[in-house]
Amino acid sequence: MGAIDGKVDLESDEEIPFSSSAATNKVEALDFEMIHLPSRPVIANSWIARHIGIRAVRSIYIVLLKAKINMLLPFGPLAILLHYITGKHGWVFFFSLLGIIPLAERLGYATEQLAFYTGPTVGGLLNATFGNATEMIISIYALKNGMIRVVQQSLLGSILSNMLLVLGCAFFSGGIIHYNKVQEFNKSAAVVNSGLLLMAVMGIMFPAVLHFTHTEVHFGKSELALSRFSSCIMLVAYASYLFFQLKSHRSLYNPILEEGDNNEECDDDEIPEITHWEAIGWLSILTVWVSILSGYLVDAIQGASDSFNIPVAFISVILLPIVGNAAEHASAIMFAMKDKLDITLGVAIGSSTQISMFVIPFCVVVGWIMGEPMDLNFQLFETATLFITVLVVAFMLQEGTSNYFKGLMLILCYLIVAASFFVHVDPSNDD
Amino acid sequence: MSHKLSVEMESIDNESLHEFEDEILSIPEMKAQKSHPIQALGEGSFSGGLQARGDKVWRNAVCKSIKTVVFSNKLNMLMPFGPLAIFIHIFTGHNGWVFFLTLLGITPLAERLGYATEQLAFYTGPTVGGLLNATFGNATELIISIYALKHGMLRVVQQSLLGSILSNMLLVLGCAFFCGGLVFQDKEQVFDKATAVVNSGLLLMAVMGLLFPAVLHYTHTEVHFGKSELALSRFSSCIMLLAYATYLFYQLKSQKNQYVPLNEEGSQNEDNSSDDDDETPEISKWESIIWLVIMTSWISFLSEYLVNAIEGASVAWKIPISFISVILLPIVGNAAEHASAIMFAMKDKLDISLGVAIGSSTQISMFGIPFCVVIGWIMGRPMDLNFQLFETATLFITVLVVAFLLQDGTSNYFKGLMLILCYLIVAASFFVHVDPLAADEAGLKT
């Protein structure tokens with residue numbers, strides 16, 4: 001679980017001025033992938049104001065300053081400044097993109113810290129919901145602006161990026177590091193998960209297929225009704241998916257935290273680095289911050305497309321998902337390099353499944369509430385791309401092994417997909 | 001010998017009636033096994049009363065036969081709907097109700113047809129029995145399709161057969177997985193991966209064979225637009241029928257040796273070709289044949305009304321015809337298989353459920369559909385394999401996804417739920433689906 005910040009924190013460890021205390025030793029003895037925050041266990045003192053002041057500072061330190069990725073943080077305010085001062089959309093867009101990345105990563109971090117305190121069930125739910133919080137926030141802003149195609153394309157691009165880019169990089173890096181052996185992963189879990197993803201993708205494809213065979217009863221309207229109906233069904237499916245996973249895998253859930261370590265309570269070997277309330281507080285702050293920046297980001301898309309001469313499709317499908325997926329990307333690669341491909345696969349496929357079973361239908365429903373005609377009609381090219389990609393990757397995963405060549409092939413396929421979107425323009429403008 | 005047995009059994013008649021009623025529903029599953037039905041069906045031989053005594057005996061026999069076949073099954077409560085439908089047709093001509101009631105009326109008949117087929121299979125030995133099962137397994141769908149062909153409702157034929165495949169792969173399988181998973185919540189049910197993979201591979205190939213005329217037509221690359229595609233369809237159908245014959249031959253031949261052990265988990269059985277084995281057939285050979293004929297003609301009779309009422313029902317209830325053909329009609333044909341698949345899943349015999357579902361789909365795609373094309377050819381109807389883009393895409397995607405899903409050999413209630421939900425989405429898409437062909441035919445001359 002602490003995977004996401006694992007990599008970053010590991011490196012920043014050396015920068016920590018404090019020396020390790022007993023807690024650190026205990027922690028270090030346990031595991032590498034844990035959030036390796038050295039020591040500094042929760043300070044339980046009795047000073048009040050000063051204590052709070054220290055805590056606040058410590059909290060800010062832990063959350064904001066420790067991870068190297070937070071170097072990108074200043075870009076956020078910079079983007080806002082640029083927006084008001086120059087109004088140059090290209091740069092505003094670019095800087096907001098850079099500014100959101102660390103926030104997304106910290107959001108994941110805060111979610112995990114909170115998950116320590118809430119126990120496995122709610123923790124799992126939290127992870128499931130906030131895992132794609134960034135994409136959801138960006139999508140909701142885009143919906144509010146009526147940029148429906150951007151929403152569809154960015155969510156679709158997120159799935160593509162997870163299945164091709166993240167997986168490819170993970171296989172590639174892992175393969176290079178462990179080049180003398182073939183890395184293996186749990187075949188059956190991968191097959192089951194990719195089967196689910198395939199079904200989910202199938203569920204969201206039908207409205208598009210219906211529309212494109214021009215066989216609707218009321219052209220345009222039936223397809224919207226069908227999309228809304230399908231979305232409700234997919235949300236039901238997602239709820240049962242969560243229920244099923246949490247119920248049947250409850251016993252498996254805990255051990256994932258630590259390689260088979262005891263842990264019923266939260267004060268276990270991985271000491272959460274910030275307290276319960278701090279976690280909630282940071283969660284809210286980061287969410288708000290992400291929302292603000294997303295607002296600027298979304299506003300700047302059209303302008304950036306004009307000034308950089310890139311199609312909006314490319315921006316939505318390729319650039320936006322990079323932001324949302326950055327943290328998962330980093331953690332997947334890190335786990336692959338540690339020869340824990342199962343976790344990598346879980347991250348990549350799990351994220352794709354969540355997007356197709358939850359985020360996309362959720363956006364349709366939110367659009368319904370907002371009165372926007374957001375539907376599941378992804379246009380023929382995107383639909384075909386999605387289906388082909390998921391099918392091919394699902395087949396590829398059946399073997400249960402990985403090597404750097406497979407990773408390279410996936411990355412190259414992603415480059416081809418990206419290139420096709422670079423020269424892709426939406427026909428829907430003519431409809 | 002069987003008579004003595006039956007005399008003893010008669011005393012337990014009443015109990016067995018209740019106990020084995022559920023298992024009677026299992027009869028239809030055997031047709032998918034293509035082997036002798038070897039389940040502990042109605043151990044009580046209800047119709048034991050065949051003593052040599054002339055007319056009275058004959059009447060007794062008839063009564064017992066009727067009792068066995070018609071009254072012993074709960075599903076047969078739906079039987080009166082058949083004649084009722086005919087009455088309504090004659091008196092009110094309200095197509096909506098005629099359609100609905102006929103639908104209800106055919107369901108028990110389809111199930112009894114399966115039952116009679118199996119009873120007959122007891123007497124004919126494994127080979128012919130398998131063939132019988134294979135042919136009559138989808139008899140209802142074939143009969144409905146032939147009537148629709150006669151009326152020139154080609155799209156209804158295509159859509160109902162396609163809907164039958166979809167319903168088998170998604171609904172039947174989904175319900176089976178779901179119910180089985182709910183009953184066996186603590187463990188994951190497993191099925192024979194190898195068989196499932198082989199069968200779904202066959203299905204995939206069969207579907208691929210059916211898709212080419214549609215793909216050809218839709219890429220507008222035919223030599224003679226419209227005509228080449230029809231010729232190609234007919235040619236492909238003949239090839240598919242050949243493939244089907246080989247499939248039957250291969251199955252029956254390779255299973256011949258394994259045939260026997262399928263009996264009551266390895267109980268004594270050198271030859272089950274005779275009727276004196278553990279499962280005593282409930283009705284005699286001639287009775288089975290007669291009932292087979294009676295059921296078939298009754299179904300044909302009702303199908304006539306059914307098909308006639310389709311368009312009227314569509315107008316009366318404001319449902320697109322495609323929804324009726326793809327979703328409602330196959331439910332009738334598949335009802336019995338549906339029930340048996342669920343029952344077997346709940347008994348943790350997933351292999352049989354899978355056999356039923358996938359076997360039925362394979363039969364329809366390798367036999368039912370090509371057969372209809374050939375019949376259409378004979379009748380002079382332009383029935384082809386061009387299923388229209390939406391149906392073709394749906395079929396292909398569904399078969400591909402389900403084939404993939406079956407590869408890991410496990411099942412749980414969530415998978416079943418997902419399959420059912422996917423079926424709901426497909427059904428919903430057909431609800432808002434209108435045929436472009438209708439518009440085409442109105443606009444152009446065909």
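Chain naming here is simple, since letters A, B, ... match the order of the sequence lines and numbering starts at 1 in each.
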Under 3.5 Å, side chain of [X] to main-chain N/O of [Y], donor-acceptor pair present?
| X | Y | value |
| --- | --- | --- |
| A/Asp342 | A/Asn186 | yes |
| A/Thr401 | A/Gln183 | no |
| B/Ser353 | B/Ala345 | yes |

Ring pair (Phe, Tyr, Trp, His ring centres under 6.0 Å) assessment of B/Phe430 paired with B/Phe390: CA-CA 9 Å; B/Phe430 276 102; B/Phe390 181 61; 5.2 Å; yes
Pair A/Gln152, A/Asp375: side-chain N/O donor-acceptor within cut-off below 3.5 Å: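 Side chains of A/Gln152 and A/Asp375: pair found under 3.5 Å.
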At a 4.5 Å cut-off on heavy atoms, which part of [X] comes close to chain A: side chain, backbone, both, or neither?
| X | answer |
| --- | --- |
| B/Leu421 | both |
| B/Ser322 | neither |
| B/Ala393 | side chain |
| B/Leu419 | both |

[X] versus chain B, the contacting section by heavy-atom distance below 4.5 Å:
| X | answer |
| --- | --- |
| A/Phe229 | side chain |
| A/Leu226 | side chain |
| A/Tyr241 | both |

Chain A contacts, top residue of B/Leu417, B/Asn412, B/Leu406, B/Leu424 (heavy-atom pairs, under 4.5 Å):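 Result: the option with the highest number of such pairs is B/Asn412.
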Distance flag, aromatic centroids of A/Phe395 and B/Phe404, threshold under 6.0 Å: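 Centroid separation for B/Phe404 and A/Phe395: below 6.0 Å.
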